[in-house]
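Let me begin by presenting the structure, written as structure tokens, before commenting on it.
In this text, all values refer to a predicted model and were calculated from it rather than measured experimentally.
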Amino acid sequence: MTRLLALLLLVLLPHAVAARSEPPLSALTLVGPPTTIFRAGRDACDGADVPDASARAFRDASGSVALFGMHYRNRALRGPSLDQLKLDCAVVLDSGEKADPAAYDDRSWITATWTEDGKAVSALLHHEYQANEHEGRCRSKVYIECWYNTIVAASSGDGGRSFSRARPPVVVAGAPFRQEVGQGRQRGFFNPSNIVADGRWRYVLIATTGWSSGGGEQSAGACLFRTDTPSDPTRWRAWTGLGFTAAFPDPYTKPTLLTEPCKPLEPFGLPVGAVVRHRGTGAWIAVFMAGAGAKVPQSGFYWTTSRDLLTWDQPRLLLAGATLYDDPCAAKGDLIAYPSILDPQATGRNFDDVGDTALLTYVTLRREGCQVTSDRDLVRRPLAIKVWP
């Protein structure tokens, strides 16, 4: 996934557009130094244990915390609270690396979870079909030219101790064409945010590369999906600009028809790291990483705020630093990636709300020359939050 994010920058940034201008709805301020939660060289169970996605957490039925955000051999950090987490070496979901794209079991990351009772857990998987790794499946041997990504469903009945993919596979968001179509560039949906609650609805922001082949036109960016039943993954629908009516089902089981596109939201030209709701005001706060360019003046983590999840204010810099969207050869020091916001005092079981303080949780990645390594830390920094009514 790390390589993918770096390569997507050139494709997605031109589609980003300006958000609503002043006045700002919120102010976020880092108020303390970083603390290490997980260090790959110290805490790993094996070589697959590196943080490689934004952190997602929930409280299980006993009140203990499970936190996901590792690699495609999925494990969880567990503990009695966010302050006391340790990697559990039990694999909760492995990746089959299967050559059949219709199986949706090549490489999968647990990237969003939701539970009502701490026992039954619904998950969204970032699934990469890496056709370059499977003989005869791609006309190229270059990873990004063969990359075909889909968001698929998984679930747990034991509080996140183990997950299984739906059988047959259930596609929550996929391109309306099969993996051999449009090779030569990355295609599909990827990197969902965490899931958040608003009344009877559950929402998630899912990034898309966009496309103009196979099933019509789709712009790149981040689309808002919602459902009233996360346990039924077929009920997710995306915002089109008029309503939540766009569906992106499995092209291997349904005819490839023209699909209604989703409408990417401003100002997200790139994946959204996390969304949380401020308890005092009801405002939504999203955090994401970006590289310096035409849309943002400086590389780092940015935040933006919304009253309705659809209209967001102008992004503002939270933490400056070279990210996965920057040239590692020119970077100074470690890279930063995969931001999320977690409040240890969250009232929701799924940590989708925050008060006036929280923790910015993210990954630092060390370099060796021009190479981004697997020597990574999962860290957190205390954060002060102010939202104007």
request  = Check step by step if salt bridge (charged side-chain N to carboxylate O under 4.0 Å, His left out) holds for Asp377 and Arg366.
outcome  = CA-CA 9 Å; Asp377 295 347; Arg366 293 174 183 84; 2.7 Å; yes

Inter- and intrachain pairs under disulfide (SG to SG under 2.5 Å), touching residues 30-75, at least two apart:
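Listed once each, the pairs are Cys45-Cys89.
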
Test: [X] and [Y] ion pair at under 4.0 Å:
X      : Y      : value
Glu97  : Arg107 : yes
Arg178 : Asp250 : no
Asp49  : Arg75  : yes
Asp353 : Arg279 : yes
Arg376 : Asp52  : yes
Arg73  : Asp46  : yes

- Would you kindly check if the NZ (Lys) or CZ (Arg) of Arg226 is within the cone defined by 45 degrees around the ring axis of Trp201 and under 6.0 Å from the six-membered ring centre?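 Yes, Arg226 lies over the aromatic ring of Trp201.
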
| Qualifying salt bridge (Lys or Arg N to Asp or Glu O under 4.0 Å) pairs, either residue in residues 159-176, two or more places apart |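 Salt bridge (Lys or Arg N to Asp or Glu O under 4.0 Å) check on residues 159-176 returns Asp88-Arg161, Asp105-Arg165.
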
Main-chain N/O of [Y] paired to [X] side chain as donor or acceptor, under 3.5 Å:
X      : Y      : answer
Thr305 : Asp313 : no
Ser122 : Pro233 : no
Arg202 : Trp114 : no
Arg56  : Ala53  : no
Ser64  : Pro80  : no
Ser193 : Gly273 : no
Gln179 : Gln130 : no

Taking the six-membered ring for Trp, are the ring centroids of [X] and [Y] within less than 6.0 Å of each other?
X      : Y      : result
Trp236 : Phe225 : no
Tyr129 : His134 : yes
Phe301 : Tyr362 : yes
Phe68  : Phe163 : yes

Item to check | Stepwise ring pair (Phe, Tyr, Trp, His ring centres under 6.0 Å) test for Trp211 and Phe189 | outcome: CA-CA 11 Å; Trp211 54 78; Phe189 286 92; 5.6 Å; yes

| request: For atom NZ of Lys141, decide whether the heavy atoms of other residues, nucleotides or ligands shown that lie under 6.0 angstrom number more than 12. | output: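 Yes, because the 6.0 Å sphere around NZ of Lys141 holds more than 12 heavy atoms from other groups.
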
*Report the C-alpha distance between Val172 and Val152 in whole Å, list the side-chain angles of each, state the deciding distance to 0.1 Å, and finish with yes or no for side chain to side chain contact (heavy atoms under 4.5 Å, CB included).*
CA-CA 5 Å; Val172 171; Val152 298; over 6 Å; no

